[in-house]
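Input: a single structure, listed below in structure tokens.
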Amino acid sequence: MPRDLVRRAARRLRRTLTGTHPERSTPAPEPLPVLGYVVAGGGGAHPASAHVRVVRRVEHLARGGRAEVRQVDPQAFVDGADETPYRVLLVQRDILPRDLVAPFLAAAAARGVRVAAEVDDDFFTESGRARLARAEYDPDRLASIDALVRGADLVVVSTEELAAVVRPIARRVVVVRNALDPTIWTPGDAVVDDDLPADEHRVLYMGTLTHGADLELLRDVFTDLRAWDGASIRLEVIGVTEDPDDSAWYRRIEVPDGHYPAFARWLVDHRQRWRAGVAPLRDEEFNRAKSDLKAIEYTALGLPAVVSDRVSYRDARAHGVVAVPDDAGAWRDAVRAAVDAGVADPVAARWVQDERTIGDDGDAWRSALLD
């Protein structure tokens, strides 16, 4: 038998035995969808809301190999300098200047790119706008958000109550609850603050400047408050208000400079400083759209959370978080009990771990944006 016939016969035998067929090339893997996001800041330095709602989630998608993610320069996208084939562009809140919203939406439509708006506060009702104006939101910022939400293909919100506010003006609304990134909220060794008074227990209240009015709900709660063991209970406030320190009933805490990941890690490291966390909310239209982020953050710190009995904390209440009506006596008793316990309710801790952690909270966010 000629030598070339022998070689062909040997190749056919190998293919039969091994199931390999060189002439059948393996198809190239599908390219990952490209998700572009537009948020304030850059290089990992972003506002807390951008980290919580957008940046930590897109980084999780990239780490898991489920999408390619890129922060987008909106002007470069509008001008055509950025020719990336985005599947979707996610734009947070008021990051687009008012006069850039329409050109941005038009450029996306011309290229067949879907636009998703992300909002996590009530920027739309009259009372909500008034509250934000007191927190230094100017009319152009509010107009930018309104135009974006009306023109976007999809709006992502953090609560069902906010969804109800947005649906009348949006094409499509999806609710994705806030969740924590385990890479920055997983406790390690705690820092011991040796310079703290030994005869007091401390309770944490943290938040943005939109909560300044809510702080006043705690004045009658913490004034001269003592624990069951007789030690004073001192409220410590991070953010919330720019008013001068009112040493009669709370203490302002200044944290080291740094953006959200560094701030969260500082909280985790110093978690033993506090015995509980509180989150008061006035019964106002703006607050009804608020999320339960504070309850899950306090619980992630291992602290019992005491919150106002509002719709925002309905789910948290069902999972072991203490919700209190608007009564100073009830609040004082609840804070004393939380300080006495000193650790998060185990049911609440499991809920945060199993349902309110990025990666363990389902895939609604990715599905809404990329499917």
query = So, does R275 use its side chain to make a donor-acceptor pair with the main chain of D340 at under 3.5 Å?
reply = yes
**Single-linkage hydrophobic cluster, 4.5 Å side-chain cutoff, V322 and V339 together** = yes
- With the 4.5 Å side-chain cut-off for hydrophobic clustering, are L148 and F123 part of the same group? no
Which of T357, T299, D315 passes side-chain contact (heavy atoms from CB on, under 4.5 Å) with W351? It is D315
F222-Y250 aromatic ring centre distance below 6.0 Å | no
Exercise for the section: Report yes or no: does R53 contribute a side-chain atom to a donor-acceptor pair with the main-chain N or O of V157 at less than 3.5 Å? Expected result: yes
Here the gap from I253 atom CD1 to H270 atom NE2, rounded to the nearest 0.5 Å, amounts to 10.5 Å
| field | Salt bridge flag under 4.0 Å for residues E236 and R273 | value | yes
Taken to the nearest 0.5 Å, the spacing of H201 NE2 from W228 CH2 works out to 12.0 Å
What I want to find out is whether R172 reaches D153 closely enough, with some N-O distance under 4.0 Å, to be called a salt bridge.
no
Walk me through it: do Y86 and V72 pass the test side-chain contact (heavy atoms from CB on, under 4.5 Å)? CA-CA 10 Å; Y86 297 107; V72 177; 3.5 Å; yes
- Heavy-atom side-chain proximity of L218 to Y205 below 4.5 angstrom: yes
Q | Lys/Arg cation over aromatic W274: R202, 6.0 Å, 45° cone | A | no
- If Ile, Leu, Val, Met, Phe, Trp and Tyr residues are connected whenever their side-chain heavy atoms lie under 4.5 Å apart, and connections chain through other members, are V156 and V69 in the same group? yes
Closest non-hydrogen atoms of D82 and R111, given as atom of the first, atom of the second and distance, are O-NH1, 2.9 Å
Taken to the nearest 0.5 Å, the spacing of S144 OG from I95 CD1 works out to 8.5 Å
State, with a plain yes or no, whether a side-chain heavy atom of Q92 is found less than 4.5 Å away from one of S49.
-> yes
- Hey, quick one: are L100 and V113 part of the same hydrophobic cluster, counting side-chain heavy atoms closer than 4.5 Å, chains of contacts allowed? yes
Taking every heavy atom of A108 against every heavy atom of F77, the minimum-distance pair comes out as N-CE2, 3.6 Å
(message) Under a 3.5 Å distance rule, please check whether H319 uses its side chain to pair with a backbone N or O of A348 as donor and acceptor.
(response) no
Rounded to the nearest 0.5 Å, the CD atom of E285 sits from the CZ atom of F124 at a distance of 12.5 Å
Salt bridge (Lys or Arg N to Asp or Glu O under 4.0 Å) test vs R129 passes for just one of D122, D138, D146, namely D146
Q.
Using a 3.5 Å distance criterion without hydrogens, assess whether the side chain of E355 forms a donor-acceptor pair with backbone atoms of R350.
A. no
Does a side-chain heavy-atom distance below 4.5 Å link R310 with R288?
no
Less than 4.5 Å apart, side chain to side chain, heavy atoms only: is that true for L217 and W331? no
Rounded to the nearest 0.5 Å, the OH atom of Y260 sits from the NE2 atom of H51 at a distance of 9.0 Å
Verify the distance criterion only: is there a donor paired with an acceptor across the side chains of R177 and T159 at less than 3.5 Å?
no
Legend entry - Y313 and L281, any side-chain heavy atoms less than 4.5 Å apart: yes
CA sep, side-chain torsions, deciding dist, call: D326, R282, salt bridge (Lys or Arg N to Asp or Glu O under 4.0 Å)
CA-CA 9 Å; D326 293 339; R282 288 184 177 275; over 6 Å; no
Applying a strict under-4.5 Å side-chain criterion to I, L, V, M, F, W and Y, I'd like to know whether V58 and L32 cluster together.
no
Nearest heavy-atom approach of G277 to L303 is N-CB, 4.2 Å
Kindly determine whether R87 and L35 satisfy side-chain contact (heavy atoms from CB on, under 4.5 Å), including the steps that lead there. CA-CA 6 Å; R87 174 82 63 86; L35 187 160; over 6 Å; no
Is there side-chain contact between W249 and L225, with heavy atoms separated by less than 4.5 Å? no
Checklist line | side-chain contact (heavy atoms from CB on, under 4.5 Å) between L204 and L267, worked out | finding: CA-CA 10 Å; L204 174 63; L267 288 172; 4.3 Å; yes
With E200 as partner, the option from R251, R234, R226 fulfilling side chain to side chain donor-acceptor pair (under 3.5 Å) is R251
Shortest non-hydrogen pair, V203 vs V278, comes out as CG1-CG1, 3.6 Å
* Asked: Side chains of W185 and Q353: does their closest heavy-atom pair fall under 4.5 Å?
  -> no
Check step by step if side-chain hydrogen bond (donor to acceptor under 3.5 Å, both in side chains) holds for D214 and N287. CA-CA 10 Å; D214 300 317; N287 280 342; 3.2 Å; yes
Review point. Could you go step by step and tell me if S312 and D292 meet the side-chain hydrogen bond (donor to acceptor under 3.5 Å, both in side chains) rule?
Key: CA-CA 6 Å; S312 303; D292 55 4; over 6 Å; no
- Under 6.0 Å from the CG atom of D229, do we count more than 12 heavy atoms belonging to anything else shown? yes
Closest non-hydrogen atoms of A368 and L154, given as atom of the first, atom of the second and distance, are O-CD2, 3.5 Å
Of all heavy-atom pairs linking A147 and L105, the shortest is O-CD1, 4.2 Å
CG of N178 to CZ of R356, rounded to nearest 0.5 Å, is 6.5 Å
query: Between E59 and R57, does at least one N-O distance fall below 4.0 Å, as a salt bridge requires?
result: no
Could you walk me through whether L215 and L235 pass side-chain contact (heavy atoms from CB on, under 4.5 Å), step by step?
CA-CA 10 Å; L215 173 63; L235 178 66; 4.1 Å; yes
Q) Any Lys/Arg nitrogen of D220 or R332 sitting under 4.0 Å from an Asp/Glu carboxylate oxygen of the other? A) no
### Query
If we only count heavy atoms from C-beta on, is the T183 to R56 side-chain gap below 4.5 Å?
yes
